[in-house]
Amino acid sequence: MTSLNEMVVVLKGFILHEGKVLIVQRANDDEVGGGTWELVGGQIHFGEDLEAALLREIQEEVGLDVTVERILYATTFQTHATRQVVILTYLCKSDHHEVVLSEEHIDYCWSIKERVRELLPPAILHDFERNDVFSLEEWV
Ligand SMILES: Nc1nc2c([nH]c(=O)n2[C@H]2C[C@H](O)[C@@H](COP(=O)(O)OP(=O)(O)OP(=O)(O)O)O2)c(=O)[nH]1
């Protein structure tokens, strides 16, 4: 019997430029999480390398060429009964701050910690706390 369960792997970039992290706001008409703020990134394609997938997603969503430094944390959750997401979040550095958004997002913000605490949803903030992301010395 074929399983109807789905497992997706999502790569996210914690992109820093001059001490601030880039967060983006999903389009309001997005069926999942419309209007909410998140890190840049998306699903790996079958057969793709992790870093290549991350660089592709970052280029597609915000038009930046970044340097990937290291993995910060991995997390997983179910979006509904038959769909589980595994998220790998990587520290990245950008030499530039000029962002070109795709149709997926309607706004962006290079953010200090205080702003991130105001804008990101509790689930992501919880993962930041659990994985000491707020202690990153490169982040203002
Ligand atoms: N709990 C938790 N949720 C997170 C984290 N990072 C993160 O983006 N999310 C949420 C926000 C997104 O709604 C969701 C999955 O990311 P996504 O929207 O880019 O994935 P997707 O399936 O749409 O991928 P794609 O179509 O854009 O390729 O996970 C995190 O660290 N912890």
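The first residue of the sequence shown is numbered 1, and numbering continues consecutively from there. Indexing begins at 1, ligand by ligand and atom by atom, following the structure's order.
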Practice task
For Thr82 and Glu6, test the side chains for any donor-to-acceptor distance below 3.5 angstrom and give the result as yes or no.
Solution key: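 No, no side-chain donor-acceptor pair sits under 3.5 Å.
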
Exercise for the section: Flag yes if Ile71 and Leu54 sit in one hydrophobic cluster, no otherwise; membership is Ile, Leu, Val, Met, Phe, Trp, Tyr, and two members link when side-chain heavy atoms are under 4.5 Å apart. Expected result: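 Yes; Leu54 is reachable from Ile71 via cluster members.
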
Exercise for the section: Determine whether Leu39 and Ile15 fall in the same hydrophobic cluster, where Ile, Leu, Val, Met, Phe, Trp and Tyr are linked whenever their side-chain heavy atoms lie under 4.5 Å apart. Expected result: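 Result: no, two separate clusters.
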
Problem - Under-4.0 Å salt bridge between Glu48 and Arg56 - result: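 Yes.
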
Practice task
State plainly whether the residues Glu38 and Arg26 are in salt-bridge range, i.e. N to O under 4.0 Å.
Solution key: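 Judged by the 4.0 Å cut-off on N to carboxylate O distance, Glu38 and Arg26 do form a salt bridge.
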
Mind listing the N or O contacts between ligand 1 and protein, cut-off under 3.5 Å?
residue, atom, partner, partner atom, Å
ligand 1, 1 (N), Asp127, OD2, 3.2
ligand 1, 8 (O), Lys12, NZ, 3.1
ligand 1, 13 (O), Arg26, NH1, 3.2
ligand 1, 18 (O), Arg26, NH1, 2.6
ligand 1, 18 (O), Arg26, NH2, 3.2
ligand 1, 19 (O), Lys12, NZ, 3.1
ligand 1, 19 (O), Gly41, O, 3.2
ligand 1, 22 (O), Gln43, NE2, 2.9
ligand 1, 22 (O), Arg83, NH2, 3.3
ligand 1, 28 (O), Gln43, N, 2.8
ligand 1, 31 (O), Tyr73, OH, 2.5
ligand 1, 32 (N), Asp127, OD2, 2.7

Practice task
Could you list all the side-chain hydrogen bond (donor to acceptor under 3.5 Å, both in side chains) pairs where at least one residue sits in residues 109-122, not counting sequence neighbours?
Solution key: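 Found Arg115-Glu118, Arg117-Glu129.
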
